[in-house]
Amino acid sequence: MTSGFGPTQYLLQSVKTGKEFIDKGWTLDAPNEEEPSLIRAVYEEVQLNLKDERLGLFKFSDWLPVGRLLKGSSSPVTYKSQGLAKYLGLEKLYITFSGYWPDKGAKMSTCSFKETEAYSVCGRMQADEQGVLVVASAGNTARAFARVCSDNNVKLLLCVPEDNLDALWFDEVINDNVKLVCTRAGSDYSDAIHLSEKICELPGFFAEGGARNVARRDGMGTTVLSAATFIGRIPDYYFQAVGSGTGAVAAWEANQRLMVDGRFGTHYMKLMVSQNIPFTPIFDAWKADSRNMLPYDEEEAHQQVAEINAKVLSNRKPPYPIYGGLYDALKDTDGDVLLATNEEAQNAADLFEEFEGCDIHPASGVATATLIKEVEKGTVHKDDVIMLNITGGGEKLFKKEKLVTALAPDHVFDVDPDINDVKKVLEGMF
Ligand SMILES: *Cc1c(COP(=O)(O)O)cnc(C)c1O
């Protein structure tokens with residue numbers, strides 16, 4: 001174990017063409033390529049050397065595209081399940097937990113794995129960046145970025161649907177370098193994304209980039225690095241609930257890096273990703289064996305999103321078709337897309353709390369429910385090495401221990417506001 005931290009050395013690469021190029025600071029796409037493709041970081045260190053635990057998430061910095069170290073981070077924690085494993089008759093069930101569970105060493109105060117991406121993305125930014133980072137979110141991403149940007153003095157503008165404001169709770173003050181705007185009640189995540197895209201056309205604002213940002217993906221990929229380094233090998237199965245599927249793409253990429261590393265096996269883990277019934281666009285495309293998302297009815301999708309408990313899984317335009325995206329990840333790993341109802345997810349979350357001892361996010365309930373169903377179906381076997389990615393948890397525990405207050409919006413916009421009105425509102429905000 002080495003403890004030093006220095007800027008990580010890496011190149012970027014187009015997944016489609018394999019062409020390598022340098023990171024100009026915030027490169028999100030391959031230059032001069034016709035077909036859209038995700039780009040990847042290619043790290044100088046082909047073997048992962050864990051750094052000092054005290055660096056939190058940055059102990060994985062060999063495989064994070066970061067130039068600087070931020071304070072306050074913590075890393076996902078992996079442990080071997082006893083209770084749930086026994087209940088399900090599994091011998092090698094490993095739980096990777098991102099959230100708040102101090103007994104296990106998990107100390108993410110925003111209670112989800114979105115914190116991994118927020119630290120990684122902000123660690124990719126220059127310390128003297130003058131522009132305002134713009135992030136659209138259904139809740140968890142906004143909470144994570146607000147915390148990280150507030151604590152590390154990064155200018156941030158959040159776009160969140162007004163109906164999701166209850167997700168923006170904090171135990172410590174959010175500084176005024178972080179601003180929050182909403183799309184009014186009745187709107188959803190897609191409207192917030194639309195607003196953020198509009199804002200990013202104004203000078204002084206720039207998009208975080210979502211799945212196209214290598215820092216976002218490699219931040220989330222630390223869940224797999226945590227699992228593989230704890231277990232000593234790449235798992236056989238990976239269970240995660242998905243909205244965008246970015247976490248699963250990140251898991252696949254981390255898997256590939258671990259294969260090159262050589263010490264953790266040279267196999268793929270099967271990606272077993274899950275969605276919350278009735279909102280199932282990724283499932284629908286996958287079952288139709290289609291690289292493209294299927295056409296959908298706007299009104300119907302809106303209704304479905306309103307019905308699911310795991311609102312963080314409500315992405316309508318996931319990076320599924322794009323080269324190097326979720327479709328390719330599922331094909332490459334012989335994975336599958338699974339489903340759970342609200343009720344199944346709730347029951348699974350209750351079981352988790354009973355057998356493991358911590359409350360989990362509804363999305364993690366979805367993932368756990370699908371694991372239970374696959375065990376019942378006999379798809380996974382008792383001696384398979386299974387990674388259950390608990391992407392969020394400990395919120396109940398956190399709120400029991402700490403006093404939390406809500407972040408109030410600085411402005412609420414109508415759906416699809418005029419750009420000049422947006423400009424007027426944002427003028428002088430930062
Ligand atoms: C965002 C989120 C997900 C879905 O993650 P993606 O990989 O982006 O689809 C799952 N669980 C929780 C708790 C989340 O916040």
Side-chain angles (χ1 to χ4, degrees), residues 38 76 95-101 106 108 110-118 120-121 135-147 160 164 167-168 189 192-193 208-213 215-224 238-254 271-276 279-283 286 293 305 308-320 322 325-327 329-330 335 337-338 340 345 348-349 352 358-370 387-396 398:
L38 288 182
I95 289 167
T96 300
F97 187 94
S98 298
Y100 185 73
W101 194 359
M108 295 183 187
T110 64
C111 296
S112 91
F113 80 153
K114 295 300 191 317
E115 223 177 277
T116 63
E117 67 180 71
S120 176
V121 163
V135 172
S137 163
N140 281 354
T141 302
R143 200 165 61 245
F145 272 92
R147 181 77 277 147
V160 176
N164 297 33
L168 291 182
Y189 183 37
I193 292 175
E208 186 262 339
R212 287 154 63 222
N213 192 330
R216 176 180 273 226
R217 304 206 307 279
D218 291 352
M220 292 169 134
T222 59
T223 56
V224 173
Y238 171 89
F239 282 81
Q240 191 212 312
V242 297
S244 71
T246 310
V249 172
W252 172 51
E253 293 171 333
L271 298 181
M272 309 294 270
V273 303
S274 46
Q275 296 205 287
N276 192 177
F279 183 72
T280 61
I282 293 172
F283 174 87
W286 178 248
M293 299 302 288
V305 168
I308 61 172
N309 283 346
K311 292 281 187 259
V312 293
L313 308 182
S314 64
N315 194 307
R316 292 186 211 176
K317 289 188 188 139
Y320 174 91
I322 192 167
L326 186 57
Y327 176 82
L330 289 168
V337 186
L338 310 166
F352 189 97
C358 191
D359 64 288
I360 57 174
H361 191 279
S364 307
V366 168
T368 306
T370 59
M387 170 182 171
L388 173 59
N389 196 346
I390 297 294
T391 46
E395 190 173 322
K396 200 166 85 180
F398 187 82

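Not measured: the values here are computed from a predicted model. If you read the sequence from its start, that first residue is 1, and numbering goes on from there. Read the numbers this way: they start at 1 and go in the same order the structure lists the ligands and their atoms.
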Do ligand 1 and [X] have nitrogen or oxygen atoms that lie under 3.5 Å from each other?
X    : value
H361 : no
S244 : yes
F113 : no
G243 : yes
G392 : no

Can you list the atoms of ligand 1 that are under 4.0 Å from a heavy atom of V242?
9 (O)

For N140, counting its heavy atoms only, list the atoms of ligand 1 lying under 4.0 Å from any of them.
13 (C), 14 (C), 15 (O)

By side chain to side chain donor-acceptor pair (under 3.5 Å) - contacts of N276 (at least two apart):
N342

Side chain to side chain donor-acceptor pair (under 3.5 Å) partners for R216, two or more places apart
E117, E208

Taking every non-hydrogen atom, the tightest pair across Y100 and C358:
O-SG, 4.0 Å

Which residue owns the protein heavy atom closest to [atom], what's the atom, and how far is it?
atom                    : value
atom 7 (O) of ligand 1  : G247 N, 2.6 Å
atom 4 (C) of ligand 1  : A241 O, 3.6 Å
atom 12 (C) of ligand 1 : T391 OG1, 3.3 Å
atom 14 (C) of ligand 1 : K114 NZ, 2.8 Å

R316 side chain reached by I193 side chain, heavy atoms, under 4.5 Å
no

Can you check whether F145 reaches K114 side chain to side chain, under 4.5 Å on heavy atoms?
no

Judged by atom type as modelled, is there a donor-acceptor pair below 3.5 Å linking the side chain of E253 to the main-chain atoms of R217?
no

Begin from the C-alpha positions of T368 and L388 and carry the test side chain to side chain contact (heavy atoms under 4.5 Å, CB included) through to its verdict.
CA-CA 7 Å; T368 306; L388 173 59; 3.8 Å; yes

Verdict with reasoning, V305 to Y189, per side chain to side chain contact (heavy atoms under 4.5 Å, CB included)
CA-CA 9 Å; V305 168; Y189 183 37; over 6 Å; no

